[in-house]
Structure formats: structure tokens, C-alpha cells
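Please read the structure below before turning to the comments.
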Amino acid sequence: MKIERVERIKKTTAVHLAMEAKEALKKITEDFPDNPDTMGYFYSLLHKFYIQGEMPNDCSEVIGTMCIQVPEELIYASGARPVRICSGSYVYDQTGAEFMHAKSCSLVKATLGMLNIKNMPFKDSLSAIVVATTCDQKKKAASMLEDIGYKTYVLEMPSIKDSEEARVYWQSSVKNFAAALEDMSGNRITKKGLSEAVMKANRARAEFRRFNNLRKGAHNLIYGKDAFVVANGYFFDKIEHWTDALAKLNAELEQREAKGVCVANKHAPRILFTGSPAIFPNLKLPLLIEQSGGVIVADEMCSSSRLLYDPISFDEGNLYDMIPAVADRYLKPCTCPCFVKNDDRKRKLKEMAKEFGVDGVVYQAFSGCNPYEMEHKAIAKMLETEGVPMLYIETDYSPEDTGQLSTRVEAFMESIKNRKRSKLQRGIS
Amino acid sequence: MSVKYFAGIDIGSTAIKIVLIDEAGNIVAHQTSPTGSQFHKNTLDSFHALLERTGTNKNNVAYITATGYGRKLFKEADEFVSEITANAAGARIIGKDCGTVRTIINIGGQDSKAIMLDDDGHVRNFAMNDKCAAGTGRFLEMTARNLGVKVDELGDLHLNAKGVPLTINSTCTVFAESEIISLLASGHEREEIIAGVQYSIAKRIVRLAKRIGIEDMVFFDGGPAMNKGLVAAMEDELLRNVIVPEIPQITTAIGAALIAKEAFLAEGGKVHA
């Protein structure tokens, strides 16, 4: 293609992306009163990244990751910054349509579309992309990225996570990855470097757990859309800055709790959101839920709570122990539906529904996202026995089904409210 | 003190349905008119016409609940409620004489739904068609247009079909249209084509309903439920009889009116009854 034409495509797409992001950000900030002041950091983070097209905070080398299974501590220890490159943009979903058939997953298409246009704020520092062998579409995307011209590292993952063989296989896979990172960066991964990386990642996760704990109370201190914004910021922000900003937000939420400030009344349906990841700007469904009077109090998604949950622990501070400890953190607690057996996800959702006092679950599956589509019935069945209603929504990044979705979401919220009212009346009589 | 009335307004993609109930919950009047392109104006006009026709003073309408696709545009309403909740509330009351309604199948102008009710008559689960308009009223309109008949003739023509209904394979409205044209071109009777189309709609909706489970009694409403051929096809596909209300189009508006009354009472309003 002629250079001039490529430049024009880049320019037009940047405009479209900025428009899309601006609209989403406007809904997030303006449609809701009482946004915490300290959310300002995260709103401006998204504004800078998506609308102005700038990378927040300095960074020299970026390793793009297409999955939360990629151990970010190793990337930090090799001197680079991991950036989660899964895209939530409908604009890129459309430009990525040339790589995959129309029925494939929006997320993978959008990520390919974005990487093909090469207009990301971190494009000049991106040295390699790491793709884990999770779903078929991501596997195939890995080879397409190579064809586009990216240095692509494929991180091999087992399809079963509970066998000893799988553990050994995964540990060697992570070791190989560590060695590859050293080759790519020319830096050694040292004991000191890795323990510092583990510490900063653990600190970030501890802060996110504190944040989630604050969402457990009956007070509804913050909307779920803000939780997604916070988690999305983690994708590309400098981790120390992000953690500090979240600590400030947590402090503000604690003050709100003490003062009794809440964003929604105590009868608002409390929703647990699960399924295909919610990534900005595609917060279509979470926003519909909260515009219909619900509050997303928890999520079980690889774009937020699953990404930022478990810490790494190791006893002996030597590299031989540390790398397997890092590997274990990434395999065992993972509740991704790409594994053959996934009872952990059911258990996790059941626990979360109880802990967070959830009234209903909304399950988002992107059309073409086979693992999540296929697991929804088993999850629905489990939740039914627990007496928790579930709304299953199959959608994609396009906004054209918003009208129909809003009817469904509103009806679900109304049915939860009626159920709560009946329960209350039975309690009285 | 004057008598109070409660209004349910269902602004659908094809028709605006308005129902007025009194304090005892009896239907006082109802009206159906085409939606057109000016949702808000047409709804307001229709509402005023209904009031005038029945000699009702606007001030006596104590509470208005709007539902349906265009509900948010009708700012005069006191409350909005989704058509799923309103449909459930209406079907629960209308179907009461025949027993307890457990499943509702509704075909609208641009969507179709299956709703499952719990013991209290509240929505327990529901399924809805996705983006496309296959298996909805639009599909019937397209069929009628291609065959040069009126939508309200489809039912009788279906029942007059002499042979076995023809198979329509496409569920997409656009593809089905070309399939119908090629069936006509190869000399098939329009009655058999209509029966085939209606079976294909029934099959599609029953498949949708199976996702949430079908339990007796099944209540079938929405404009297309006036079509007797479609009702017959639905009963065949469901392997059971369905209850079709006297005026299938207004169930959701009735539900909205009942919700209006409840909301009025919940907000501290008083009625004589």
C-alpha cells in the first residue's frame, strides 16, 4: 500500500477511535452523579490514552500481552513494561474484520485491527507481543501477528490445569519465556529484579482486593463502571502510579463509607458481572445495567477481578523457586473457560455471589467467543440451584443492539426488584 | 371526589396501544393506532382521542405507565417499565380465568419473546430474539406484501391451504423474501407458502422458548396472535394448546395500566374501591 494511503487510514481511524472513546467516557462520567473525586486520575488516564493517543508516564520498552496468563512480573524483571493489548474498540473490530470471519470474537478482531493499523500510543516502544495458547482464535491470531510483522512469542499453556503433568509443562513453559525475555531485552532476570517486580505487582493486587472488599458492603460506594475503568487503566499505566491512585480512591471510598455516602439506594439490584471481558470503550452492557438502576458490585472477568486477584507467594528467595512460584500463581487460580474442566469458576462465582450479597448475575458472551458461550449453561444451572437469577447476553462491540439489550436488561432489573419485594412481603406476613 | 383512572401506554414498533382501567382494575377503554414515524406526537394524539371518545377528563387519569420500544420518548408518563414486565403483569391477570399462566409467548412488530413466570406471577426468566427481525411481525408483513395480500388475511389463507405447507429454510427476512419469490416463480400456491412461512416462525419461536423451558399454561399474545393460522402452527410446534386473549395486542398495555395503579397506591395514592 502507498505510504500516503496508510497515513490517511491511521489518521481517520484515530479520529474514529477518539470519537468512540469520547462518547463512552462521556456516558461514564456524565450520566452518573456522585463520581468519586479520585476517579479523576483514571478518567484522565483513559482520555489521554484513547482520545489524545498518548502513553501515560514514561516508558522505554513495551511487551504487549494478549492474555492475563502472561506473567507480568517476568516482563518487569526484564526491564520492560507489560501492556495488555486486548482491544475493546468497535472501530478496531471493524478494521480487524479482514483477518477473521464475521462470526469470530470482537475482542480478537479488534486487537488484530489495532495492531495492523499500528497507531497505538505505545507503538514506538513495542518490542514484542506475547500470546498464550488459550482459545483457538488467539492461537490463530498469533500467527497472523507474525505475518503482519510483529515479533510474536507464543506462551504454551496446557488445556487441563489440575494434573501434575500440566503443572510441570506450564512451569517449563514459563521458564522458557523468562529465557526468551532475557534474549529479547539483553537484560538478565535477577533475583533482586524479580522480587521487586513481584512486590510491586502484589502491591497493586492487594490494593485492588482492598477496593473489591469495599464493594462488598451494602452501601454501594461506587459503580461497577468505575471499577472497569480502574482495571482498564492497569492495562497500560505505570504500575506504581496506578497503585498510588487506587490507594487514594480506596481512601476516599472509606471516607464515603464512614459518612454514609452511596451512589445508589440500598434496594438497587446488586449485580455480579461475568463472561467475556469488559474493556473500554466497550462498556456497553455494564453501562446499560447501571443506567437501568442496577449496581455491578463484583465481576469475575479477566479484564478486572481475575486479572488483579491472587498474589504470588514464595518461601525461598532464589530464582529457582521464584519462577515456579510465579508460574503457579498464573495457572492454578485461573478460572478461564479455555480449560477442559472448570469447576473452579463455578465455585468462585458461587462464593462471590454470597460474599458480595449479589441479587443477580449478568453473563456477557461475545458472539464467536466459544469458551464463554459454551460454559454459560453449566453456570446458569449452578446459579439456579443457588437461587441466583442469571441473564445471559450474547453481543459484540457493535452498538446496534443497544435498544434490544436495554429492554432485556431493564426487564431483568425489574424482575429482581419484584423478587426482592415478594421476599420482603412474605417476611412481613 | 372524582373517579380515578390509570393508563397503560404501549408504544410498539408497529402500533401504539393504550388501555384505561378504573379503580377496580376493570378495562374502561382501549385503543390501537399505528406508530408511524412520530412516536411522541402520535402517542399523544391517540391518548387525547381516547380521552375524548370516552369523555374522560385528563385530570382524572391519576397515573400513566409507558412501556414498549418507544416508552422513553413519552415524557408525560409517570413511570416507564420494560415490555417484558408489563406483558407478564397483563397476561397474569387476563389468563387467570383459565388457570395460572407459566409461559408467555409474545410476537411483536420487531421482536419476539418467551417469558417464564414464577409462583408469584413475576418474571423468572425470559428469552428474546437477537438483532434480526426473523420470526416477528415484520416477517409476516414482508410475506403479505410479497404475496399481495393483507396481513389480516394471512390467517384464513393459511387455514385454507390444501396441501402440505412448503418449507421455508431461511430465517433471515431478506433471504426468506427471495425464497418466497422463487417459490411463487415455480408455481406454488400462496396458501401453502403462507402456511410454510407461519410454521417457520412458529418453529423459530418455540426454539427460543425452549431455551428457558416451556410450562403449562402457555399464553400467546402480541398482534400476530390474531392470526389463526399462526396460532394453529404454534400449537402444533408446542405440542399443546395455547391461550390467546380476546384482544392479543393489548395485553402489555393492560399490564402497564395495572402497574400504574400499583405504583399509584405504592406512592401513597388513595382509591375509593
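Proteins come first, then strands; the chains are lettered A, B, ... in the order of their sequence lines, and each starts at number 1. All values derive from a computational prediction rather than experimental measurement.
Salt bridge A/E410/B/K72: present, at least one basic N to carboxylate O contact under 4.0 Å. Salt bridge present: B/R124 and A/E384 bring a charged side-chain N and a carboxylate O closer than 4.0 Å.
Both the backbone and the side chain of A/F412 come within contact range of chain B, with heavy atoms under 4.5 Å apart. Using a 4.5 Å cut-off between heavy atoms, A/I393 does not touch chain B at all.
Side-chain contact between A/R421 and B/D120 is absent, with no heavy-atom pair separated by less than 4.5 Å.
Of all heavy-atom pairs between A/G403 and B/Y69, the closest is CA-OH, 3.8 Å. Between B/F80 and A/E414, the shortest heavy-atom distance links the atoms O-OE2, 4.4 Å.
The structure places OG of A/S415 at 8.5 Å from CG of B/N125, a figure rounded to the nearest 0.5 Å. Of the inter-residue distances, the one linking A/K417 atom NZ with B/T85 atom OG1 reads 9.5 Å to the nearest 0.5 angstrom. The CZ atom of A/R408 lies 12.0 Å from the OG atom of B/S82; values are rounded to the nearest 0.5 Å. Note: A/R419 CZ to B/H122 NE2 = 10.0 Å, rounded to the nearest 0.5 Å. Between atom CG of residue A/N418 and atom CG of residue B/D118 there is a gap of 9.0 Å, rounded to the nearest 0.5 Å.
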